[in-house]
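Counting from 1, the numbers follow the sequence of the chain as shown.
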Amino acid sequence: MTDAVGMRSGQLAAAAGVNPQTLRYYERRGLLPEPRRTAGGHRLYPPQAVTLLHVIKAAQRLGFTLEEVAELLQARGHRRHAAGLSERARAKLAEVEARIADLTVIADTLRTALAAGCDDLITCAGEPRCPLPLP
């Protein structure tokens with residue numbers, strides 16, 4: 001049941017597309033403020049909690065860890081002392097681009113191994129045509 005000033009856990013979880021246990025986990029991690037409670041002990045979340053959960057999930061899809069998301073959320077009011085989204089997004093983009101470069105090398109090596117007919121790792125490693133990186 002929706003209260004005039006909040007949503008219960010199940011309602012918020014459904015609205016945000018997360019599991020109800022995710023809400024409690026995010027509370028423990030400090031990502032989601034602890035909600036007020038009804039007289040019966042039910043959690044009541046403010047409507048803006050849906051937006052916050054969508055932001056958290058979007059940041060995770062962009063490759064940010066929950067720790068990084070927490071830092072970004074904390075940095076909102078303390079810009080002088082913490083890196084903002086732009087700085088962190090540049091750093092995350094550099095990480096992603098480095099991983100893409102590494103994965104491109106791996107993919108190219110695997111394609112070359114397939115084209116060379118490498119079927120046995122030990123046999124292939126002993127042949128000059130072996131494209132696999134050996135020390």
Side-chain angles (χ1 to χ4, degrees):
M1 175 171 287
T2 302
D3 185 278
V5 293
M7 293 182 279
R8 288 192 177 178
S9 299
Q11 293 169 312
L12 175 60
V18 300
N19 188 302
Q21 282 76 21
T22 300
L23 303 179
R24 290 190 248 325
Y25 180 69
Y26 286 177
E27 285 175 33
R28 286 193 306 273
R29 297 282 310 253
L31 294 164
L32 189 62
E34 189 172 325
R36 68 183 188 83
R37 303 242 181 190
T38 66
H42 296 285
R43 290 175 163 88
L44 282 182
Y45 295 89
Q48 58 269 32
V50 174
T51 301
L52 178 57
L53 288 166
H54 285 156
V55 166
I56 292 167
K57 296 315 257 177
Q60 284 185 292
R61 283 191 300 277
L62 291 173
F64 290 99
T65 65
L66 285 179
E67 184 176 329
E68 291 169 329
V69 173
E71 291 169 1
L72 283 168
L73 292 172
Q74 290 171 354
R76 287 181 63 215
H78 307 93
R79 299 229 175 201
R80 291 185 203 155
H81 305 293
L85 179 59
S86 295
E87 184 178 330
R88 289 181 184 264
R90 273 191 276 289
K92 185 58 66 179
L93 178 59
E95 283 178 32
V96 168
E97 288 173 339
R99 282 196 311 229
I100 289 170
D102 289 345
L103 289 171
T104 300
V105 169
I106 291 168
D108 290 345
T109 302
L110 289 170
R111 281 187 199 95
T112 304
L114 288 170
C118 296
D119 246 0
D120 178 274
L121 185 60
I122 302 299
T123 304
C124 184
E127 298 186 19
R129 66 181 166 77
C130 181
L132 301 175
L134 301 172

Starting from the C-alpha separation in whole Å, work towards a yes-or-no answer on side-chain contact (heavy atoms from CB on, under 4.5 Å) for Y26 and L53. CA-CA 9 Å; Y26 286 177; L53 288 166; 3.5 Å; yes

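If you take CD1 on I106 and CZ on R99, they are separated by 12.0 Å, rounding to the nearest 0.5 Å. Rounded to the nearest 0.5 Å, atoms CZ (R43) and CZ (R8) are 12.5 Å apart.
What you find for G63 and E68 is that their closest heavy atoms are O-OE1, 4.0 Å. A pairwise comparison of heavy atoms in R88 and E71 identifies NH1-OE1, 2.8 Å as the closest pair. Heavy atoms only, all atoms of each residue included: L32 and A49 are closest at CD1-CB, 4.3 Å. In terms of heavy-atom proximity, L66 sits nearest to L31 at CD2-CD1, 3.6 Å. Taking both residues in full, the closest heavy atoms of M7 and P47 are given as CE-CA, 3.9 Å, listed atom of the first, atom of the second, then distance. Of all the heavy atoms in S9 and L23, the pair that sits closest is O-CD1, 3.3 Å.
No continuous path of ILVMFWY side-chain contacts below 4.5 Å connects V105 to L110, so the two sit in separate hydrophobic clusters. The hydrophobic cluster containing L72 does not contain V96, counting ILVMFWY residues as joined when their side-chain heavy atoms lie under 4.5 angstrom apart, directly or transitively. Both L62 and L85 are part of a single hydrophobic cluster, where members link through side-chain heavy atoms under 4.5 Å apart.
With I56 as the fixed residue, the side chain to side chain contact (heavy atoms under 4.5 Å, CB included) test singles out one of T22, T51, L73, V18: L73.
Within a 6.0 Å sphere centred on CD of Q48, heavy atoms belonging to other residues, nucleotides or ligands number more than 12. Around CD of Q60, the count of heavy atoms belonging to other residues, nucleotides or ligands within 6.0 Å exceeds 12. Counting non-hydrogen atoms of neighbouring residues, nucleotides and ligands closer than 6.0 angstrom, the CG atom of D102 exceeds 12 such neighbours.
Between R111 and D108 a salt bridge is recorded (basic side-chain N to carboxylate O distance below 4.0 Å). Classification of K92 and E95 as a salt-bridged pair holds, one side-chain N sitting under 4.0 Å from a carboxylate O.
With contacts defined as side-chain heavy-atom distances shorter than 4.5 Å, the pair E27/Y45 qualifies.
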